[in-house]
Structure formats: structure tokens, C-alpha cells
Chemist: 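Please read through the structure below; I'll follow up with questions.
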2 protein chains.
Amino acid sequence: MIIIAALRKSSRKRDAVLNVMRGTRSHPSAQWIYEVLRPEYPDISLGTVYRNLKLFIESGEVVSVGSVDGQERYDARTEPHPHFICTSCGKVIDLDCEMLSDAPYSGIEDKTGLKIESHSITYKGLCADCVQHGKRSSH
Amino acid sequence: MIIIAALRKSSRKRDAVLNVMRGTRSHPSAQWIYEVLRPEYPDISLGTVYRNLKLFIESGEVVSVGSVDGQERYDARTEPHPHFICTSCGKVIDLDCEMLSDAPYSGIEDKTGLKIESHSITYKGLCADCVQHGKRSSH
DNA sequence: GTCTGTGCAAATTGTTTGCACGCAA
DNA sequence: TTGCGTGCAAACAATTTGCACAGAC
């Protein structure tokens with residue numbers, strides 16, 4: 001599928017979407033990418049962002065972090081790593097420290113008959129900024 | 001907040017929503033709950049299901065498992081436990097085995113300044129049924 | 001010519017909300 | 001009476017899609 005990705009690709013806007021994804025640690029939404037690209041590509045459309053994100057997800061170059069406040073958030077760092085989501089401001093932060101060992105798959109699979117392909121760990125709470133500003137969890 | 005929940009509640013339909021949630025292990029969507037309740041409450045509306053789910057989430061009696069195929073899925077078992085999501089049929093399964101220790105919070109919090117309030121572990125892949133029937137991951 | 005990527009706007013879909021009514025205190 | 005729970009339908013918002021066109025080959 002890397003081959004497929006290599007075959008089927010390249011256009012200025014498509015590349016730009018991937019570059020934005022790779023150049024940020026903010027785990028963006030489609031809307032955010034759209035707004036970042038508009039200055040340089042004034043005629044880009046949100047549909048294009050969505051279409052290309054979907055392609056990148058199929059090819060494995062981008063991964064979804066889940067949906068925050070109703071918007072899907074994406075990540076171009078595809079090695080599994082834990083995320084922290086601030087329930088006040090919606091910020092998504094990488095927690096590079098402490099990863100679940102990637103071994104337990106086989107044990108679980110043997111017992112359950114499942115075929116596990118990925119896993120994710122997500123912490124929720126208040127980010128440092130929101131703690132400082134006395135924000136409260138919006139739940 | 002248990003007190004608040006105890007004060008503000010009780011209506012046949014509201015109780016019915018919570019009972020459905022507590023009586024299933026299927027991690028239902030609002031739509032699913034609605035369809036289960038309709039035989040007994042033919043005039044119940046989807047809005048009521050959503051409104052009451054939101055209340056239960058605020059009171060902590062129900063928790064969201066995340067969104068699967070565009071629909072939010074809920075769980076009345078609120079103690080943290082890992083989930084498996086089948087990327088072919090959308091089934092959500094409890095993995096009672098193997099839970100991340102709940103200790104690491106303080107270590108992470110000290111280093112990062114975050115206030116962690118919850119965490120979740122989610123595995124994705126194919127469930128036993130879909131493996132057997134040769135289904136493929138829809139990604 | 002064909003094929004692919006795109007803008008645009010319309011359609012779709014899950015969820016929320018405004019309003020009026022009905023019931024219980 | 002006041003207040004809360006609800007049905008209903010409209011509103012909303014994120015995402016998808018149909019269509020016509022542009023540009024690469």
C-alpha cells in the first residue's frame with residue numbers, strides 16, 4: 001500500500017495538506033488545516049482537505065486521534081503514542097513518555113480470537129494552561 | 001454530584017434509558033437505544049434519548065466510548081476498562097483482562113503540569129466473527 | 001483524447017434546540 | 001400555579017458527494 005500511495009499522488013494542494021500535517025504537533029482538524037492553507041492557496045476548499053485526509057488515512061500516512069468537540073482530529077505521527085486531550089480547551093498533546101508495551105497483542109488475541117491491529121491510549125483532563133487559568137472541565 | 005443525580009431524576013422514560021444502558025454490554029448508540037425502547041414506549045423520541053444520555057454523562061452514570069462510524073457510543077460501566085472496536089462491523093467489546101495500572105497519573109502530572117482526570121485504552125482490529133467470515137478492516 | 005484533482009454547492013447525517021403541551025407537586 | 005420532561009420538527013454542524021471544469025499526460 002506504500003506502493004499505491006507512491007503511485008497515486010502528487011498535486012500541489014495534496015502535498016500541502018500532508019506537509020501541514022507533518023509540520024505541526026497540534027493534531028489539527030480539517031477546518032484548521034483549511035485555514036492554515038488558505039493564505040497560500042486562496043482557492044482551496046474544505047472538501048479537498050477532507051478528500052485528501054481520507055486518502056492519507058487509507059494509505060496509513062495519517063491517523064485519526066478521535067473526535068474532540070465534534071471535530072475529528074488527525075495526526076501524522078503514526079507510531080502509536082499516548083495522547084492527552086484537554087477537556088476545557090480541546091488541545092491535544094503528545095505524551096511521549098510511557099508507552100504501553102506493544103507486546104500484549106498476542107496474549108489477548110489468543111484468548112479472545114480478536115485480530116488486533118492497533119491500540120491507543122488517551123488521557124483526558126486539564127492542560128497546564130487551563131489549570132493555571134482556573135478553567136474547569138467541560139463535562 | 002451523586003446527590004444532584006439523586007435529586008434531579010425519575011421519569012419512566014428517563015429511567016428506561018438508563019436501564020437499557022445498564023442491561024446491555026453492547027455499548028449502544030443513541031439510535032440503538034431509541035429502537036430498543038420504541039416497542040415499550042412507542043412515542044419516545046430520539047431527542048429524549050439524547051437529552052437523557054447527556055444528563056447521565058454529566059452525572060457520571062454513563063460514559064462515552066468514542067464515536068464509531070460516525071455515531072457516539074455509550075457505556076454504563078464507568079470503571080475504566082479497555083475496549084476493542086471492530087473496524088469491520090463496528091462492534092465494541094469490553095476487554096476485562098489487562099488494565100493499565102491507575103497509578104501513573106501522578107508521575108505524568110508532575111512532569112507535565114497536566115491534571116489528568118481519566119484515561120482510556122482502545123484496541124482496534126477485527127472481532128472474532130469478522131475474522132471467521134474473512135471480513136476486512138474498513139480503513 | 002483520458003484521468004485525476006479540485007471548487008463549489010447541495011446533500012447527508014448525527015446531534016441539538018425551541019416551542020408548546022402535559023403532567024406532577 | 002410553577003416547573004420539569006417530552007414529542008415534534010426545525011436548526012445546526014461536520015462531513016460527504018455530484019458535477020463540471022482544469023490541468024497533466
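The structure displayed is predicted, hence computed values, not measured ones. Naming convention: chains lettered A, B, ... in sequence-line order (proteins, then strands); numbering from 1 in each chain.
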Chemist: Within the supplied structure, the quantity of interest is the number of heavy atoms (other residues, nucleotides, ligands) at a distance under 6.0 Å from B:D69 CG; does it exceed 12?
Modeler: no
Chemist: Could you pull out the closest heavy-atom pair between A:A128 and B:T112, with the gap in Å?
Modeler: CB-O, 4.0 Å
Chemist: Let me know the distance between CG of A:L53 and P of D:dT15, rounded to the nearest Å.
Modeler: 9 Å
Chemist: Counting just side-chain N and O atoms, does A:K54 come under 4.0 Å of either OP1 or OP2 of D:dT15?
Modeler: no
Chemist: Any chance you could measure A:L114, atom CG, to B:I85, atom CD1, to the nearest 0.5 Å?
Modeler: 12.0 Å
Chemist: Among residues 24-38 of chain A, which contact DNA chain C at a heavy-atom distance under 4.0 Å?
Modeler: none
Chemist: Surrounding CG of A:D94 (heavy atoms of other residues, nucleotides or ligands, distance under 6.0 Å), is the total greater than 12?
Modeler: yes
Chemist: Looking only at side-chain N and O atoms, does A:E72 offer a donor or acceptor that is under 3.5 Å from a partner on A:S67?
Modeler: no
Chemist: What are the two closest heavy atoms between A:G90 and A:R73, and how far apart are they?
Modeler: O-NH1, 3.1 Å
Chemist: Between A:S29 and A:Q31, does any side-chain donor sit less than 3.5 Å from a side-chain acceptor?
Modeler: no
Chemist: Closest heavy-atom contact between A:L126 and A:C86?
Modeler: CA-SG, 4.0 Å
Chemist: Output the rounded distance in Å from CG (B:N52) to P (C:dT16).
Modeler: 12 Å
Chemist: Nearest whole Å is fine: how far is C:dG14 C1' from A:Q71 CD?
Modeler: 15 Å
Chemist: What is the separation between atom CG on A:L55 and atom P on C:dG5, rounded to the nearest whole Å?
Modeler: 7 Å
Chemist: How close or far is atom C1' of D:dC8 from atom OH of B:Y41, stated in whole angstroms?
Modeler: 20 Å
Chemist: Distances under 3.5 Å only, N/O to N/O: pair up the protein atoms with those of nucleotides 18-25 of chain C.
Modeler:
| unit_1 | atom_1 | unit_2 | atom_2 | d |
| --- | --- | --- | --- | --- |
| C:dG18 | O6 | B:R51 | NH1 | 3.1 |

Chemist: Does the plane of the ring in A:H27 sit parallel, tilted or perpendicular to the ring in A:H81? Use 30° and 60° as the thresholds.
Modeler: tilted
Chemist: Look at the side-chain N and O atoms of B:R14 and state whether any lies under 4.0 Å from the OP1 or OP2 oxygen of D:dT6.
Modeler: yes
Chemist: Strictly below 4.0 Å, heavy-atom distances to any atom of DNA chain C: list the hits from residues 43-50 of chain A, or just say none.
Modeler: A:D43, A:I44, A:S45, A:T48
Chemist: What is the separation between atom CG on A:D15 and atom C1' on D:dA24, rounded to the nearest whole Å?
Modeler: 14 Å
Chemist: Establish, with yes or no, whether the OP1 or OP2 oxygen of C:dT4 is under 4.0 angstrom from a side-chain nitrogen or oxygen of A:S11.
Modeler: no
Chemist: Only one of A:N52, A:D43, A:T48 clears side-chain hydrogen bond (donor to acceptor under 3.5 Å, both in side chains) with A:K13; which?
Modeler: A:D43
Chemist: To the nearest 0.5 angstrom, please state how far the CZ atom of B:F84 sits from the NZ atom of B:K91.
Modeler: 9.0 Å
